[in-house]
Amino acid sequence: MSRIAYVNGAYVHHHHACVHIEDRGYQFSDGVYEVWAIRQGKMLDNAGHFQRLKRSLGELRIAAPMSDAALRVVLHEMMRKNRVRNGLVYLQITRGVAPRDHAFPNNTLPSIVVTAKCTNPGKADQTARNGVTVITVPDERWARCDIKSVSLLPNILAKQAAHEKGAFEAWMVDNNGLITEGSSSNAWIVSKEGVLTTRNLSSDILGGITRAHVLTLAAERQMKVEERSFSLEEAQNAREAFMTSATTLVTPITHIDAKAVGGGKPGPLASALRKDYLKSAAT
Ligand code: PDD
């Protein structure tokens, strides 16, 4: 079965899918994106991703190319056409095609692209059972990390650095020595005192949809939670560390910069939150 992509109103073969060379996403990273996890044919945290998409578009003053209802149809059609029961749906909206000029063009239609792919949920669950390792790198990003912009150069350099060191993810460290988040995930610890801790929302991090959901799960479990910054040292000495994102859901971390966290084993709380998340995120 060949893969299908959605490009500006048409379902086309993935292999031939393309946008114009003067698309502002291509030339300026002038666009936003969303990623949904699909489990058992359901889009996880659907409403949250729609809300954040709207916010990101609003911050960049890009008009929504279609209504939420129409977009929902396209996303489901993409899952159906690509037979995705477990996988990921990727959506990108850019300001559109215009002669290259930094300032916004007038009367340009936004470009929209959707792709969908299958992933192996068994493999992802096994990775979570084993736990993963992270390294740290300086956070070299811009000052509006709260916008889910396709401008991801520092993030890809961070992830590449992690892979070159055999690690799964890179945690980024700000000028004060505090962890902001992962290159494509939010960062969490369970402190020595047993408090679930993740950095507070601000323009320094992306407000993860999985993060928000895990906070509600923690409240249901009546866990002590603090949304605040933490240092590398605190993380390395924590009881547990883990990451959240649409691609990793909740994934325990066993080592940070080669130092074992929680005895180098996936933590019980992170593992429990992953199970809770899988149960409750399908909408
Ligand atoms: N990334 N922080 C950053 C920098 C991210 O890129 C992501 C997600 C997150 C977690 O957000 P969410 O829980 O809403 O997925 C945090 C996606 C998955 C990606 O770029 O592929």
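One is the number of the first residue; the rest follow in order along the sequence. Atoms within each ligand, like the ligands themselves, are counted from 1 in listed order.
By the criterion of a heavy-atom distance under 4.0 Å, the side chain of Val35, and not its backbone, is placed next to ligand 1. If you look at Cys145 next to ligand 1, there are no close heavy atoms at all, none under 4.0 Å. If you look at Asn155 next to ligand 1, the close heavy atoms, those under 4.0 Å, all belong to the side chain.
For CZ of Phe28, the number of neighbouring non-hydrogen atoms (other residues, nucleotides, ligands) closer than 6.0 Å is greater than 12.
For Ser183, the closest heavy-atom approach to ligand 1 falls below 4.0 Å. Using a 4.0 Å cutoff on heavy atoms, Lys148 counts as a contact of ligand 1. Judged by the shortest distance from any of its heavy atoms, Tyr90 lies outside the 4.0 Å radius around the atoms of ligand 1.
Counting heavy atoms only, Ser184 comes closest to atom 7 (C) of ligand 1 of the residues Ser245, Gly182, Ser184.
Polar contact check, Leu206 against ligand 1: no nitrogen or oxygen pair lies under 3.5 Å apart. Inclusion of Tyr33 in the set of residues having an N or O under 3.5 Å from an N or O of ligand 1 is warranted. Close N/O approach between Arg52 and ligand 1 is found [any backbone or side-chain N/O within under 3.5 Å]. Considering backbone and side-chain atoms together, Glu181 places an N or O closer than 3.5 Å to an N or O of ligand 1. In terms of polar-atom proximity, defined here as any N/O pair under 3.5 Å, Thr247 makes no such contact with ligand 1.
Checked against salt bridge (Lys or Arg N to Asp or Glu O under 4.0 Å), Arg52 has the following partners two or more places apart in sequence or in another chain: Glu34. Applying the ring pair (Phe, Tyr, Trp, His ring centres under 6.0 Å) rule to Phe104 yields no partners; only residues at least two apart in sequence or on another chain are considered.
Side-chain polar atoms of Tyr11 and Asn82 form no donor-acceptor pair below 3.5 angstrom. For the residue pair Ser191/Glu193, the side-chain donor-acceptor check at 3.5 Å is satisfied. Between the side chains of Ser183 and Glu169, at least one donor-acceptor pair of N or O atoms lies under 3.5 Å. No side-chain N or O of Ser151 forms a donor-acceptor pair with one of Trp142 less than 3.5 Å apart.
By the rule that hydrophobic residues join a cluster once side-chain heavy atoms approach within less than 4.5 Å of another member, Phe50 and Met66 end up as members of one cluster.
Ranking the protein heavy atoms by distance from atom 15 (O) of ligand 1 puts Ala246 N, 2.8 Å first. Looking only at protein heavy atoms, the nearest one to atom 13 (O) of ligand 1 is Thr210 OG1, 2.6 Å. With respect to atom 11 (O) of ligand 1, the closest heavy atom belonging to the protein is Gly208 CA, 3.4 Å.
In this structure, His163 and Phe168 approach most closely via the heavy-atom pair NE2-O, 3.7 Å.
Residue Ile209 approaches ligand 1 through these ligand atoms, each under 4.0 Å from one of its heavy atoms: 12 (P), 13 (O), 14 (O). Less than 4.0 angstrom separates some heavy atom of His49 from each of these atoms of ligand 1: 14 (O). For ligand 1, the atoms lying closer than 4.0 Å to a non-hydrogen atom of Asn186 are 10 (C), 16 (C).
Salt bridge absent: Lys123 and Asp125 never bring a charged side-chain N and a carboxylate O closer than 4.0 Å. Comment: Lys54 engages Asp68 in a salt bridge, judged by a side-chain N to carboxylate O separation of less than 4.0 angstrom.
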